[in-house]
Every structure is written in structure tokens, then in C-alpha cells.
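Remarks on the structure that follows.
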Amino acid sequence: MSITCSAAATTTTPLQTPSSTSSDRVFNFAAGPATLPENVLQKAQADLVNWRGSGMSVMEMSHRGKEFLSIIQKAESDLRTLLNISEDYAVLFLQGGATTQFAAIPLNICTPDDAVDYIVTGSWGDKAYKEAAKYCKPNVIWSGKSEKYTKIPNFDSLEQNPDAKYLHICANETIHGVEFKDYPTPRNEKTILVADMSSNFCSKPVDVSKFGIIYAGAQKNVGPSGVTIVIIRKDLIGNAQKSTPVMLDYKIHAENNSLYNTPPCYGIYMCGLVFEDLLDQGGLAEVEKKNKKKAEILYDAIDSSNGFYRCPVEKSVRSLMNVPFTLAKPELEAEFVKTAAGEKMVQLKGHRSVGGMRASIYNAMPLAGVEKLVAFMKDFQAKHG
């Protein structure tokens, strides 16, 4: 007499989630975490469970194993190609966001008594200055606060401290939409130019050799949140204040190739995929052309609206990445944001500190997204103008 277990004879079909298609996705105008290239997401999806036949996900790998080493090394190599970074600079993949670098920079290259200069063109530059005050002697040589951060100064008119250890700028202010179109040259050749490039990193070519340090949070243009990239001239490494926490010491991270502790492995992998994609597009000169076209279309829509939409930023320094605008009738702004969301255009509400609207149109925002937004804006004006 034999007994058969019916359960054993039953074939079980694994649960499957339908793959997302373009029609399922919204146009995401968020300032960060921001939209990522759809082809990059699809590539990551294809390799999610089993990365290149390794039998495991990147999320499961040892950060010291050969698989992940190949990932981080290629990511660095591709970034060096994109920005033409020489061997005089170290490239570090860190954690803690750009905000952590507000403290790390003075701790690594200053003594407590060193003077440093800050040009404050928005909220992030102001926060960086205030944090530096804990570790050195910062001085704001120009601030746009009184004019609500709508412009960038003439560098020639600024009184720089000849003894300043570094001059700090925020290359693109995400909240206020103000972007440096060229960069100041410190009067003293010993003064280091330092730039927070979080929200325009890899959006256009940059002459890295003009800077001592470039730092950026990845979550705007090159990856998910959790990765912070620091590009630092090697001769600046190794002079940290004695009180510097080990996790903020550039020397520790440089000596260990960003692997002193467990890095944000999956985030670095995603950045690497984005770097590959940017190279496939022809590099940053080609990427900049696309970004200029998107921005031109959107700013033209604002400027040709007869005042229905307004951008407060001086035209010569308007950001290619973050476009803030208001309505002549502020009472309509909530309806604008809500109606746009219903049309699959999301995260258009301005930063809580300034209100209005903001469209972040980073590298991964397709031209079609900007064209749809402009068409919506014209339709909204026709109904409410």
C-alpha cells in the first residue's frame, strides 16, 4: 500500500512581478532623491538577483570580494574619464551626504585658527559656512541673502582674505536655482577652491584642476541617496586636525580605497551604471547640450507667460538643473501641483523654505518630460489666466 502526498505532486509557480514599463512611470521633478535613467534601472533590475553569474546580488557581496572590487574600480575609472580627473586627485566614495563634508573639509585642511572664505549664494552655502565655524575661522565675503539668493556676485569686486586657506562655493543652489556659470579664481595661489557640486555634478564638463576639492551627494544626478563623492587633490590629504573622527579623515579613506569600512555598495554600483550611461551618451559635453535645451524650453515658457509664471533668478545665473517659479496668483499654486500630479508630473512643489514651484530637470529627466510640463503650464494658464 502506497500513500502519495498530493502536495509533493503539485508544481508551484514562483510569484512574479510584472516588469514596469515607461507608461507606468511618472515624470519625477524631485530635487533629490531624483529620477534615474530608466535604462539604468532596467539594467539593475536584470542583475538584481544574480549579478553577472556570481550567484548573488550586489547587495549581498563582500565589499572586499573580487566582484565588488571590480564594480568600485570601474566606477572610479569611468568617473575619471567623464571629468578628466588626473592622478593628482583621489576619488573617494563616502557616506553621510554632502552635509557631512561641511565639517570634514575644514577638519582635514585647516587648523582651528585658519581663515577661510565663503561665497554664500543660497541655503546650502550658508549651512556650510555655519558648520565650518566650529572648526576654523570662516568669513562670508559675499552673501545673496538680502536679495533672496537670486544672483551671483562679480568676483573681481570681492575682498578675499589673502591668507584664506580655501574659498568655498556651492556650484548650484538646489533650493534657489542659482548656478555658477564660471568659477572664481582665488587671488592667492595658495588658497584652495572648494566646491559643493551636489546638484550639478556630472551635468557638464568641469576643469577639475582648478579645484582643490569637489564634493557631491549622488542623489541628484548620478545615483541613489547614500553615496557622497569627494574628489580631492592628493597633496591636501594627511593634515587632519587631531580631533577629526576617523570616518571624516580623508587620509584613512584614500589609503583604503574607500573601503575602510563597509561602503554604500549598492549605491556605488548604481553610480557606476550611471557613469557608463553618461559615457554612452558621448560624455559630459553632449549631456550639457541636452540639459541646456531642456532648460531653455522651460525658462522660455516662464518668460513668455506675460507674468503668469515668474522665475526670480537673474537670467545670467539661472540653473540648468533646478528651475524655481511662482504664479502671479499664489492661491493657484496648490491646484497647479495637484493637477500636474494627476497628469503624472510629480514633486513640483517648491522647497518649504521658499514656496512656489520647482522643477528639477537633472540629466535623467527626458526632454519629453519637460515638453509635457510646458504644455501643461500653457494649458493651466489658458484656464486660469
Side-chain angles (χ1 to χ4, degrees), residues 88-92 94-146 149 152-173 180 183-198 208-217 228-256 258 260-261:
D88 294 333
Y89 288 79
V91 175
L92 308 177
L94 307 177
Q95 301 179 70
T99 303
T100 299
Q101 300 308 310
F102 296 167
I105 289 164
L107 280 169
N108 275 270
I109 62 176
C110 295
T111 69
D113 294 323
D114 279 338
V116 295
D117 287 344
Y118 278 71
I119 298 175
V120 177
T121 53
S123 296
W124 294 110
D126 184 55
K127 289 179 179 180
Y129 156 73
K130 289 175 179 175
E131 185 72 359
K134 301 174 184 177
Y135 309 108
C136 60
K137 305 292 184 187
N139 179 45
V140 176
I141 62 173
W142 188 88
S143 172
K145 188 173 184 179
S146 64
Y149 298 127
I152 285 175
N154 180 336
F155 307 136
D156 295 334
S157 65
L158 300 180
E159 289 190 24
Q160 298 181 38
N161 186 331
D163 298 318
K165 194 78 172 184
Y166 65 81
L167 171 62
H168 181 282
I169 64 170
C170 180
N172 184 86
E173 284 284 353
F180 282 76
Y183 298 110
T185 300
R187 291 219 177 93
N188 185 340
E189 62 180 21
K190 293 184 179 179
T191 300
I192 303 154
L193 182 59
V194 175
D196 175 357
M197 291 193 179
S198 292
V208 174
S209 68
K210 291 184 176 181
F211 298 84
I213 300 174
I214 292 171
Y215 64 101
T228 307
I229 297 168
V230 173
I231 302 167
I232 178 170
R233 215 171 63 211
K234 290 178 179 177
D235 65 300
L236 301 175
I237 297 173
N239 302 300
Q241 295 180 27
K242 290 183 179 180
S243 61
T244 303
V246 67
M247 287 304 295
L248 299 188
D249 190 334
Y250 294 144
K251 184 173 184 286
I252 295 293
H253 293 295
E255 288 178 343
N256 289 276
S258 302
Y260 175 72
N261 71 323

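These numbers come from a predicted model, not from an experiment. As a basis for the values below, the full set of heavy atoms in this structure was taken, side chains included, without hydrogen atoms, waters or symmetry mates.
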Q) Yes or no on salt bridge (charged side-chain N to carboxylate O under 4.0 Å, His left out) for R233 and D235, after CA distance, side-chain angles and deciding distance? A) CA-CA 6 Å; R233 215 171 63 211; D235 65 300; 2.6 Å; yes
Q | Worked verdict on T185 versus L193 for side-chain contact (heavy atoms from CB on, under 4.5 Å) | A | CA-CA 7 Å; T185 300; L193 182 59; over 6 Å; no
Q: Begin from the C-alpha positions of Q95 and T100 and carry the test side-chain contact (heavy atoms from CB on, under 4.5 Å) through to its verdict.
A: CA-CA 8 Å; Q95 301 179 70; T100 299; over 6 Å; no
Q: Report the C-alpha distance between Y215 and I105 in whole Å, list the side-chain angles of each, state the deciding distance to 0.1 Å, and finish with yes or no for side-chain contact (heavy atoms from CB on, under 4.5 Å).
A: CA-CA 10 Å; Y215 64 101; I105 289 164; 3.3 Å; yes
Q.
Assess the residue pair V230 and I213 against the criterion (side-chain contact (heavy atoms from CB on, under 4.5 Å)); give the C-alpha distance rounded to whole Å, side-chain angles, the decisive distance to 0.1 Å, and a yes or no.
A. CA-CA 7 Å; V230 173; I213 300 174; 4.2 Å; yes
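Side-chain contact between P186 and Y166 is absent, with no heavy atoms from C-beta onward closer than 4.5 Å. Within the 4.5 Å cutoff, no side-chain heavy atoms of F211 are placed close to those of I192. At least one side-chain heavy atom of D196 sits less than 4.5 Å from a side-chain heavy atom of F102. Residues N188 and Q160 have side chains not in contact (no heavy-atom distance under 4.5 Å, counting atoms from C-beta outward). Between F180 and N172, the closest side-chain pair of non-hydrogen atoms is not below 4.5 Å. Using a 4.5 Å heavy-atom cutoff, the side chains of P106 and V116 are not in contact. When side chains are defined from C-beta on, W142 counts as touching T121, because their heavy atoms get closer than 4.5 Å. The shortest distance between side-chain heavy atoms of Y89 and I232 does not fall below 4.5 Å.
By the 4.0 Å N-to-carboxylate-O rule, E131 lies too far from K127 to be salt-bridged with it.
Applying the side chain to side chain donor-acceptor pair (under 3.5 Å) test to T111 and every residue at least two apart in sequence or in another chain returns D114.
The two residues A171 and M197 make their nearest non-hydrogen contact at CB-CG, 3.8 Å. Smallest separation of non-hydrogen atoms from R187 and D156: NH2-O, 3.0 Å. Listed here is the closest heavy atom pair of G217 and S198: N-OG, 3.0 Å. Taking both residues in full, the closest heavy atoms of Y135 and A103 are given as CE1-CB, 3.5 Å, listed atom of the first, atom of the second, then distance.
For the atom pair Y260 OH and M247 CE, the distance stands at 8.0 Å (nearest 0.5 Å). To the nearest 0.5 Å, atom CD1 of residue I152 and atom CD1 of residue I169 are 8.0 Å apart. Residue Q241 holds its CD atom at 8.0 Å from SG of C136, rounded to the nearest 0.5 Å.
Listed for the N256 side chain is no donor-acceptor partner under 3.5 Å among the backbone atoms of S258. With E173 contributing its side chain and W124 its backbone, the two residues share a donor-acceptor pair below 3.5 Å. Of the possible polar contacts, none joining the H253 side chain to the L94 backbone as a donor-acceptor pair under 3.5 Å is found. In this structure, the side chain of T191 does not engage the main chain of K165 through any donor-acceptor pair within 3.5 Å. Put simply, the side chain of D117 gets close to the backbone of N161: a donor and an acceptor are under 3.5 Å apart. In this structure, the side chain of N108 does not engage the main chain of A240 through any donor-acceptor pair within 3.5 Å.
Atom NZ of K234 is surrounded by more than 12 heavy atoms from other residues, nucleotides or ligands within 6.0 Å.
Two rings, from F155 and Y183, have their centers 6.0 Å or more apart.
Each of T228, V194, L107 was evaluated against Q101; a single residue qualifies, T228, per the side-chain contact (heavy atoms from CB on, under 4.5 Å) test. If you run side-chain contact (heavy atoms from CB on, under 4.5 Å) between V140 and each of I119, V120, D126, only V120 comes through.
Using cut-offs of 30° and 60° on the angle between ring planes, the pair Y118 and H168 is parallel.
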